[in-house]
Amino acid sequence: MDRTEIYSRLKSAEGIASLLALEDFSPVYREADRVRKEHVGDTVHLRAIIEFSNICKRQCIYCGLNRENKDLPRFRMSREEIVKTAAEAVAAGYRTIVLQSGEEDGISKEWLGAVIEDIKSLTVPGTEAAPAVTVSCGEKDEETYRYLHERGADRYLLKHETADPELYNRLHPCGTLESRVGCLRTLKRLGYETGSGFMVGLPEQSLETIGSDLLLLASIPCKMAGIGPFISNPKTPLAGKPNGDPELTRRAVAIARLLLPDANLPLTTALSILSHEELSKDGTGIGHDVENPFEFGANVIMKKVTPDEYKAAYEIYPAQFAETHILQDRKDLERMITAYGRRPL
């Protein structure tokens with residue numbers, strides 16, 4: 001398949017579905033890697049994620065944080081704990097701090113804004129720059145989004161999870177796709193680097209649905225997109241459902257690179273988990289089942305730096321994570337990235 005044929009199929013959900021179903025996807029992978037190199041180069045950006053609260057008012061039936069899960073011990077880190085963790089991550093070389101939480105009403109915009117300001121007062125070693133701050137705390141009103149942006153938030157990540165309205169309603173008895181997409185468009189208008197994303201392998205999801213997901217990302221257009229496989233959580237109504245296919249997920253990321261050449265596309269944690277049966281021996285948590293995990297278009301790694309006393313309770317899906325050693329974990333990632341011919345940043 002030549003380049004012209006590939007791009008001709010990117011214009012519709014049906015065309016994208018036909019690409020996803022190819023027996024030999026290697027031409028698309030090669031084109032995604034070429035576009036990645038041309039537009040974002042060989043740099044792999046490392047982001048430090050602080051999961052600071054697992055309290056959530058939502059009822060999303062795939063997520064272990066949903067409010068109906070009574071077996072999950074709930075937590076909210078203090079402002080001081082968050083800033084201390086962020087300071088350690090920045091000192092280790094991370095240039096972006098991702099503040100992630102469940103969607104809760106107990107966090108005021110003033111409190112979160114103060115946390116953002118504290119983090120923005122830090123300086124990345126070897127530079128005169130403050131770290132970038134990405135917020136991922138769910139749907140908020142426009143006033144809150146504007147306030148957080150004014151306090152220094154650079155990016156906002158709000159995954160839409162599925163572009164199929166009927167499937168969205170079944171998965172989210174607590175919201176609508178229209179509201180979700182409306183928030184994304186508001187974030188874009190306010191000047192955020194806007195990110196979204198979706199899961200691959202959801203029950204009743206079709207290849208055409210994934211095509212619609214990818215076209216939605218392009219329509220925003222998103223500056224970042226997190227695409228990962230569905231992982232069944234035994235503490236949710238979707239317990240026992242088959243997990244998403246890592247290969248289909250990689251194909252979706254590759255197509256996202258073609259639709260969004262300049263976007264930041266993470267090698268997601270969920271994809272890494274399903275790419276192998278246990279964490280890699282070097283402690284990075286990156287799967288080694290493919291020759292080069294960056295050859296399908298990804299250029300970002302999101303690394304958890306959540307303190308150990310909280311990490312296990314941030315259980316969107318079941319996973320085992322090694323103890324957090326922020327500086328050593330960063331060095332391990334840098335060695336791995338360099339070994340694959342990329343430049344960590």
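Values reported hereafter were calculated over all heavy atoms of this structure, with side chains retained and with hydrogens, waters and symmetry mates removed.
- Residue Ile82 is grouped with residue Phe75 when hydrophobic side chains (ILVMFWY) are merged at heavy-atom distances under 4.5 angstrom, including chains of intermediate members.
- Here the rule is salt bridge (charged side-chain N to carboxylate O under 4.0 Å, His left out) with Glu139, and of Arg58, Lys57, Lys159 only Arg58 fits it.
- Summarising the local packing, CD of Glu178 is surrounded by 12 or fewer heavy atoms from other residues, nucleotides or ligands at distances under 6.0 Å.
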Start with the C-alpha gap between Ser26 and Asp24, add the side-chain angles, then the distance that decides, and say whether side-chain hydrogen bond (donor to acceptor under 3.5 Å, both in side chains) holds. CA-CA 6 Å; Ser26 57; Asp24 179 10; 2.5 Å; yes
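- Summarising the geometry, atom OG belonging to Ser232 is positioned 6.0 Å from atom CG belonging to Asn243; distances are rounded to the nearest 0.5 Å.
- Crowding of Gln328 atom CD: a count of heavy atoms from other residues, nucleotides or ligands under 6.0 Å exceeding 12.
- Here Asp42 contributes atom CG and Thr338 contributes atom OG1; the two are 11.5 Å apart, rounded to the nearest 0.5 Å.
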Check against side chain to side chain contact (heavy atoms under 4.5 Å, CB included), Val115 and Val133: CA-CA 10 Å; Val115 171; Val133 174; over 6 Å; no
Determine, step by step, whether Gln100 and Thr306 satisfy the side chain to side chain contact (heavy atoms under 4.5 Å, CB included) criterion, reporting the C-alpha distance in whole Å, the side-chain angles of both residues, the deciding distance to 0.1 Å, and the verdict. CA-CA 10 Å; Gln100 182 170 304; Thr306 308; over 6 Å; no
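- Partners of Ala86 under the side-chain contact (heavy atoms from CB on, under 4.5 Å) rule, at least two apart in sequence or in another chain, are Ile50, Ile97, Ile119, Leu122.
- Leu112 places a side-chain heavy atom less than 4.5 Å from the side chain of Cys137.
- Taking hydrophobic clusters as Ile, Leu, Val, Met, Phe, Trp and Tyr residues chained together by side-chain heavy-atom distances below 4.5 Å, Met1 shares a cluster with Ile16.
- Counting heavy-atom neighbours within 6.0 Å of Lys188 NZ, excluding the residue itself, gives a total above 12.
- With respect to Glu51, the salt bridge (charged side-chain N to carboxylate O under 4.0 Å, His left out) criterion is satisfied by exactly one of Arg76, Lys304, Lys311: Lys304.
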Show, in sequence, the C-alpha distance, side-chain angles and deciding distance for His45 and Thr96, and conclude whether the side chain to side chain contact (heavy atoms under 4.5 Å, CB included) test is met. CA-CA 9 Å; His45 299 276; Thr96 296; over 6 Å; no
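- One hydrophobic cluster, built from ILVMFWY side chains closer than 4.5 Å, holds both Ile231 and Val200.
- With Arg343 contributing its side chain and Ile337 its backbone, the two residues share no donor-acceptor pair below 3.5 Å.
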Ser121 vs Asp118, side-chain hydrogen bond (donor to acceptor under 3.5 Å, both in side chains): CA-CA, chis, key distance, verdict: CA-CA 5 Å; Ser121 72; Asp118 287 344; 5.3 Å; no
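- Rounding to the nearest 0.5 angstrom, the gap separating the CD atom in Gln205 from the CG atom in Leu167 is 7.0 Å.
- Both Leu259 and Leu248 sit in one connected hydrophobic cluster of ILVMFWY residues. Membership requires side-chain heavy atoms under 4.5 Å apart, directly or through other members.
- Summarising the geometry of Ala252 relative to Ile210, their closest heavy-atom pair is CB-CG2, 4.3 Å, with the distance given to 0.1 Å.
- Listed by first and then second residue, the salt bridge (Lys or Arg N to Asp or Glu O under 4.0 Å) pairs that reach into residues 195-221 are Arg170-Glu204, sequence neighbours excluded.
- In this structure, Tyr192 and Val135 have side chains that are not in contact, with every pair of non-hydrogen atoms separated by 4.5 Å or more.
- Using cut-offs of 30° and 60° on the angle between ring planes, the pair Trp111 and Phe52 is tilted.
- The closest side-chain donor-acceptor pair between Asn299 and Arg342, if any, does not fall under 3.5 angstrom.
- In summary, Lys120 and Asp154 engage in a salt bridge, as defined by a charged side-chain N under 4.0 Å from a carboxylate O.
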Could you give me the CA-CA distance, side-chain angles and deciding distance for Arg95 and Thr127, then say whether side-chain hydrogen bond (donor to acceptor under 3.5 Å, both in side chains) is met? CA-CA 10 Å; Arg95 297 176 178 229; Thr127 77; 5.7 Å; no
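- Under the 4.5 Å side-chain criterion, counting only non-hydrogen atoms from C-beta, Lys303 is in contact with Tyr94.
- The existence of a salt bridge linking Asp33 and Arg30 is excluded, since no basic side-chain nitrogen approaches an acidic carboxylate oxygen closer than 4.0 Å.
- Ring geometry for Tyr168 against His172 counts as parallel: the plane angle stays under 30°, on a 0 to 90° scale with 60° as the upper cut.
- Looking at every heavy atom in both residues, Tyr147 comes nearest to Gly113 through CE2-CA, 4.2 Å.
- The CD1 atom of Ile255 sits 5.0 Å away from the CG atom of Leu19 when rounded to the nearest 0.5 Å.
- For the residue pair Glu23 and Arg251, the shortest heavy atom distance occurs at O-NH2, 4.0 Å.
- Here the closest non-hydrogen pair linking Tyr156 and Gly138 is OH-O, 2.7 Å.
- Classification of Glu143 and Arg146 as a salt-bridged pair fails, no side-chain N sitting under 4.0 Å from a carboxylate O.
- Ion pairing of Arg34 with Glu38 is present here, as a side-chain N (NZ or NE/NH1/NH2) and a carboxylate O approach within less than 4.0 Å.
- Ion pair Glu247/Arg250 flagged as a salt bridge, since at least one NZ, NE, NH1 or NH2 atom sits closer than 4.0 Å to an Asp/Glu carboxylate oxygen.
- Rounding to the nearest 0.5 Å gives a distance of 8.0 Å between CG of Leu177 and CG of Asn169.
- Within a 6.0 Å radius of NZ in Lys70, other residues, nucleotides and ligands contribute more than 12 heavy atoms.
- Interatomic distance, Leu158 CG to Arg180 CZ, rounded to the nearest 0.5 Å: 4.0 Å.
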Using the side-chain hydrogen bond (donor to acceptor under 3.5 Å, both in side chains) rule, take Ser212 and Thr209 through it: C-alpha gap first, then chi angles, then the decisive distance, then the call. CA-CA 5 Å; Ser212 296; Thr209 301; over 6 Å; no
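- With respect to Ser219, the side chain to side chain contact (heavy atoms under 4.5 Å, CB included) criterion is satisfied by exactly one of Leu217, Leu216, Leu215: Leu216.
- Annotation for Ile326 and Thr324: closest pair CG1-CG2, 3.7 Å, computed over non-hydrogen atoms.
- Grouping Ile, Leu, Val, Met, Phe, Trp and Tyr residues whose side-chain heavy atoms lie under 4.5 Å apart, directly or via other members, places Leu157 in a hydrophobic cluster with Met224.
- Hydrophobic clustering of Ile, Leu, Val, Met, Phe, Trp and Tyr side chains at less than 4.5 Å, counting indirect connections, keeps Val40 apart from Val44.
- Counting heavy atoms from C-beta outward, Lys223 and Thr194 have side chains that stay 4.5 Å or more apart.
- Ring pair Tyr62/Phe230: centre-to-centre distance not below 6.0 Å.
- At most 12 non-hydrogen atoms from other residues, nucleotides or ligands lie less than 6.0 angstrom from NZ of Lys331.
- Closest non-hydrogen pair, Leu65 versus Ala313, comes out as CD2-O, 4.1 Å.
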